[in-house]
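Step one of this worksheet: look at the structure below.
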Amino acid sequence: MHPIGWDAFGLPAENAAIKRNLDPRAWTYDNIELHKASMRRYACSFDWDRIIRTCDPIYYRWNQWLFLEFYKKGLAYRKNSMVNWCPSCQTVLANEQVVGGACERCDSVVTKKALTQWFFKVTEYADRLLDDLELLEGNWPSKVLSMQRNWIGRSYGAEVDFAIEGRTEPVTVYTTRPDTLFGATFMVVAADSDLAAELVSGSTAEIRMQFQAYLDEVKKSNDIERLATDRDKTGLDSGRFAINPANGERIPVWISDYVLADYGTGAIMAVPAHDQRDLDFARTFGLGVKVVLETGEADPLETGVALTGEGVLINSGELNGLSKAEAISKITGILEKEGRGKAAKNFRLRDWLISRQRYWGTPIPIIHCDDCGEVPVPQDQLPIELPSAEGLDLAPKGTSPLGGAEDWVNVPCPSCGKPAKRDTDTMDTFVDSSWYFLRYLSPNSETEAFSKEEAKKWLPVDQYVGGVTHAILHLLYARFFTKVLQDLGHLDFSEPFTRLLNQGMVLMNGSAMSKSRGNLVKLGDQLDEHGADAVRLTMAFAGPPEDDIDWADVSPSGSGKFLARCWRAANDVNSEVGVDFSKGNVELRKVTHSFLRDFSANIEGFKFNVGVAKLMELVNALRKAIDGSVGPADPAVREAAEVAAIGLSLFAPFMAEEMWSILGHKPGVALAGLPEADPSLLVQDTITAVAQVDGKLRDTFEVSVDATEADLQAAADNSSAVQRAIDGREIAKVIIRAPKLINIVTKQ
RNA sequence: GCCGAAGUGGCGAAAUGGCAGACGCGGAGCACUCAAAAUGCUUUGCUCGAAAGGGCGUGUGGGUUCGACUCCCACCUUCGGCACCA
């Protein structure tokens, strides 16, 4: 099954439609037709009966079904938090859609905003998403695996409770270095955390004012500024004190933006001697530095470089003398026993924010009732179709345009019947693409998202192809969905894509094509100029499929020449269909059959460029045979031409079909199938043996395939080139790999 | 800072540890032609040499090996990802 569909909801389509003052619906469906026509022109052999469009209600009603399944399991939830906000798209963004502090779509600088939003609980699957990457090792590009590992970012450490003076509850911090607990000389709390505000509220009026000013500063800064390296540490003293549970020392509590509110507990124990960031902070504000791990490095206070190496614990009470690993395990045990801490792990991964304040997406199937709260839309009311765009103001304004569709928004509560309102946000389009591969199994079903039976038969996907841009977006989300659906009993496998190929891009003059750069190469123009076959062949021949191709470096006209050469060769064949190949010229037959062996291996190994090269070699041999003593009537010539046509059908279907017809066959070269290579024709009579002296090639000779070591030795003895290279030196050793190689090692 | 990948002719690229550069682009030459185009053939890593024949050559430096583009270590460069994640 090789299906095709359109992931058609989302911002780009909506923005393009708004710009042209069109209904996103009309714009999208028109473009699907255009796109489809150009793909057909390019002769893509998809299964055109299994088309999906994610913006069809018949598709997205199952997004809504899935949402409700997740909701039932507690995997879809709403919370208020600081979220990524794109001021240009006027919508929130998932963490995965913020690239280097900018919006993935429009490159605007992303800011933070406090909003109540829908999330999918990816973090609940963090361990499995990470551990199951093992299953993909070797079949997915290692780059994607490492990007996912990086993104999920699991770390192991401990949570430690610090008592706070004047506060009943202790504050818990997360650390990966509990061994350095005795070296904690202050605590830092994230400036934008609730805890910071609370601690300051119990402090002096002056500190409260300072804090407010600092917080305003922090909130103004955006991600780009935050990401700037070598940024000076900022912060302020909260005026409060904590007690180091290891040694009872009274340590100040500071507030800074270098601690993140949404990672760990939003508060850290600072060990400046052994953490660079803490050291930078301590040096800026003149806080204490206490070395607790003797690593043999110079004093961090003087060098400004924290000690992060291995060593032996010092100044640490009962931990003294232990190694880092021993100390981590011992102190964790002690804290657990005393009920003041425990082993813990943390993830970089955050929950997936899926609500969008835009029109062109799947409506979230929840109704908000003043009395009943969030009420799921009953199954029999699905799909909740998008209201018509007519009369709605689609321009980005920070709240969903669906809010303006009053007839649509105002509905009775399914639970109590009182007037209630639909949720007006739409889902992130990555929800659509997280399960579409399942939908191909039954693209038109009105009774189920996908067929369990068909899934058993077809899935998981054997070979997935996609850009590396999806490494931590689509590919992570699709893996998450698959695992959830497995847990819900809808699927019996845990990984959706068995093998993954990241195809490269077509560049022009060294960079990705873009309108603004003006380095656009239009497929349509190339097809007009060279034809689909030549363009396809050029793509395949240019290099490995995972590499980028610079269109400036390739030669579609060269491909055209090769195709013409194939066509002429087919025309020159001068024998009848069905002629007995076994009577043909053996030399040419050997070429044809070793092609059959090599070509299949190349194609199956995704080395299409090498496959094309082999095809060229075959056609070159065919040309020589026709023009030379073999002649166009030899059965081997027909055999080679037919094999070439079948091989070519993978890359240049039109020319291959033409050749097939010229060769007197009924249409259907693509279905002909490559014949098996005849083993008897793969056997070589002679082979080129190489003779080396001290590992350097000195001579080659044609020898029989069953040449013995003695034969090779004799040949080397008779070779003047070999003898000249030995130059009378004493022979130390002779390595012979009959029949291919002899290496004579001389005493130096 | 951390993680990862890649460095081979003028260019795109090939090469189970065993003839480096297959195949193609570009270049040069020859044939066909009145001529050109098209086509076919030859040639084309660098370098010394008239030639025969040498030397050098897969980012750099080491190592393993009879033998390294390939395996190991260090470094350089480029690209990609993450990044104040405690």
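Within every chain, numbering begins at 1; the chains are lettered A, B, ... in the order of the sequence lines, protein sequences first and strands thereafter.
Using atom C1' as the reference point in both B:A86 and B:G4, the two lie 24 Å apart (nearest Å). When the P atom is used for both B:G57 and B:C76, the distance is 24 Å, rounded to whole Å. For the C1' atoms, the distance from B:U58 to B:A13 is 13 Å, rounded to whole Å. Atom C1' of B:C69 sits at a distance of 11 Å from the matching atom of B:G7, rounded to the whole Å. Here, B:C25 and B:G40 have their P atoms 10 Å apart, quoted to the whole Å. Rounded to a whole angstrom, the distance from the P atom of B:C71 to that of B:A14 is 16 Å. Comparing the P positions of B:C73 and B:G81 gives an interatomic distance of 26 Å, to the nearest angstrom. Atom C1' of B:C84 sits at a distance of 22 Å from the matching atom of B:G80, rounded to the whole Å.
Pairing for B:G24 goes to B:C11, judged as Watson-Crick or G-U wobble with the two contacts each under 3.5 Å. Nucleotide B:G18 is matched to B:C66 when pairs are restricted to Watson-Crick or G-U wobble geometry with both distances under 3.5 angstrom. B:A52 makes up no base pair with any nucleotide shown, lacking Watson-Crick or G-U wobble contacts both under 3.5 Å. Under the Watson-Crick and G-U wobble criteria, each requiring two contacts below 3.5 Å, nucleotide B:G40 is paired to B:C30. Remark: B:U77 base-pairs with B:A6. Criterion, Watson-Crick or G-U wobble with two distances under 3.5 Å. Partner assigned to B:C82 is B:G1, using Watson-Crick or G-U wobble distances below 3.5 angstrom.
Sparse packing is recorded around CH2 of A:W567, with 12 or fewer heavy atoms of other residues, nucleotides or ligands lying under 6.0 Å away. The neighbour count for A:D194 CG, taken as heavy atoms of other residues, nucleotides or ligands under 6.0 Å away, does not exceed 12. Heavy-atom contacts from other residues, nucleotides or ligands closer than 6.0 Å to NZ of A:K345 number more than 12.
Remark: P of B:G1 and CG of A:L279 are 16 Å apart, rounded to the nearest angstrom. Per the geometry, CD belonging to A:E702 stands 12 Å off C1' belonging to B:C19, to the nearest Å. What separates CE of A:M505 from P of B:G80 is a distance of 10 Å, to the nearest Å. Rounded to an integer number of Å, the gap from CG of A:D280 to P of B:A83 is 19 Å.
Between A:K696 and the phosphate of B:C56, there is a side-chain N or O to OP1/OP2 separation shorter than 4.0 Å. In this model, the phosphate group of B:A5 is not approached by any side-chain N or O of A:S146 to a distance below 4.0 Å at OP1 or OP2. Residue A:R348 places at least one side-chain N or O under 4.0 Å from the OP1 or OP2 atom of B:A83. For B:G54, the OP1/OP2 oxygens have a side-chain nitrogen or oxygen of A:R724 closer than 4.0 Å. An OP1 or OP2 oxygen of B:C66 is reached within less than 4.0 angstrom by a side-chain nitrogen or oxygen of A:K733.
The side chain of A:A613 lies closest to B:A22 when the candidates are B:C19, B:A22, B:A83. With B:C19, B:C84, B:C3 as the candidates, the nucleotide lying closest to the side chain of A:N150 is B:C3. For A:R737, the listed nucleotide lying nearest its side chain is B:C66; candidates were B:C82, B:G12, B:C66. Checking B:G24, B:C66, B:U39 against every side-chain atom of A:K561, the shortest atom distance belongs to B:U39. Listed nucleotides B:A86, B:G55, B:C23 differ in distance to A:R698; the shortest reach to its side chain belongs to B:G55. Distances from the side chain of A:V745 to the nucleotides B:A5, B:C23, B:C66 place B:C66 closest.
Not counting sequence neighbours, the partners of A:D711 by the side chain to side chain contact (heavy atoms under 4.5 Å, CB included) test are A:A707, A:T708.
Residues of residues 261-273 of chain A that place a heavy atom closer than 4.0 Å to RNA chain B, in numerical order, are A:Y263, A:I268.
A salt bridge is defined here as a Lys NZ or Arg NE, NH1 or NH2 lying under 4.0 Å from an Asp or Glu carboxylate O, and A:K696 with A:D694 fails to meet this definition.
Using a 4.0 Å heavy-atom cutoff across all strands shown, A:V173 reaches no nucleic acid atom at all. Within 4.0 Å of A:R154, counting heavy atoms only, lies no atom of the nucleic acid at all. Using a 4.0 Å heavy-atom criterion, one finds that A:K740 contacts the bases of the nucleic acid, with or without backbone contacts as well. Within the 4.0 angstrom heavy-atom criterion, only backbone atoms of the sugar-phosphate kind lie near A:D553; the bases stay farther away. Among the protein residues, A:S155 comes within range of the sugar-phosphate backbone only, with heavy atoms under 4.0 Å from sugar or phosphate atoms but none that close to a base. Within 4.0 Å (heavy atoms only), A:P544 reaches sugar-phosphate atoms of the nucleic acid but no base atom. As judged by a 4.0 angstrom heavy-atom cut-off over every strand, A:Q692 is placed among the base-contacting residues.
Judged by the 6.0 Å and 45° rule, A:R348 forms a cation-pi pair with A:W151.
The 5' end of RNA chain B is approached more closely, in terms of each residue's nearest nucleotide, by A:S555 than by the other of A:G695 and A:S555. Comparing A:N602 and A:N743 against RNA chain B, the residue whose closest nucleotide sits nearer the 5' end is A:N602.
The closest side-chain donor-acceptor pair between A:T172 and A:E159, if any, does not fall under 3.5 angstrom. For the 3.5 Å distance criterion, the side chains of A:T746 and A:E730 fail to qualify, holding no donor opposite an acceptor.
With A:T176 contributing its side chain and A:G157 its backbone, the two residues share no donor-acceptor pair below 3.5 Å. No donor-acceptor distance shorter than 3.5 angstrom exists from the side chain of A:H530 to the backbone of A:G560, with no hydrogens or angles considered.
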- Query: Checking side-chain hydrogen bond (donor to acceptor under 3.5 Å, both in side chains) for the pair A:Y156/A:N346: CA distance, chi angles, key distance, verdict?
  - Reply: CA-CA 7 Å; A:Y156 292 100; A:N346 257 296; over 6 Å; no
- Query: How far apart are the C-alpha atoms of A:D257 and A:D192, what are their side-chain angles, what is the distance that settles it, and do they pass the side-chain contact (heavy atoms from CB on, under 4.5 Å) test?
  - Reply: CA-CA 7 Å; A:D257 65 347; A:D192 52 347; over 6 Å; no
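Base orientation of B:G9: syn, since the glycosidic angle falls within 90° of 0.
The aromatic ring centres of A:W254 and A:F281 sit less than 6.0 Å apart.
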Between the protein and nucleotides 40-46 of chain B, which nitrogen or oxygen pairs come in under 3.5 angstrom?
residue, atom, partner, partner atom, Å
B:G40, OP1, A:R565, NH1, 2.5
B:G40, OP1, A:R568, NH2, 3.1

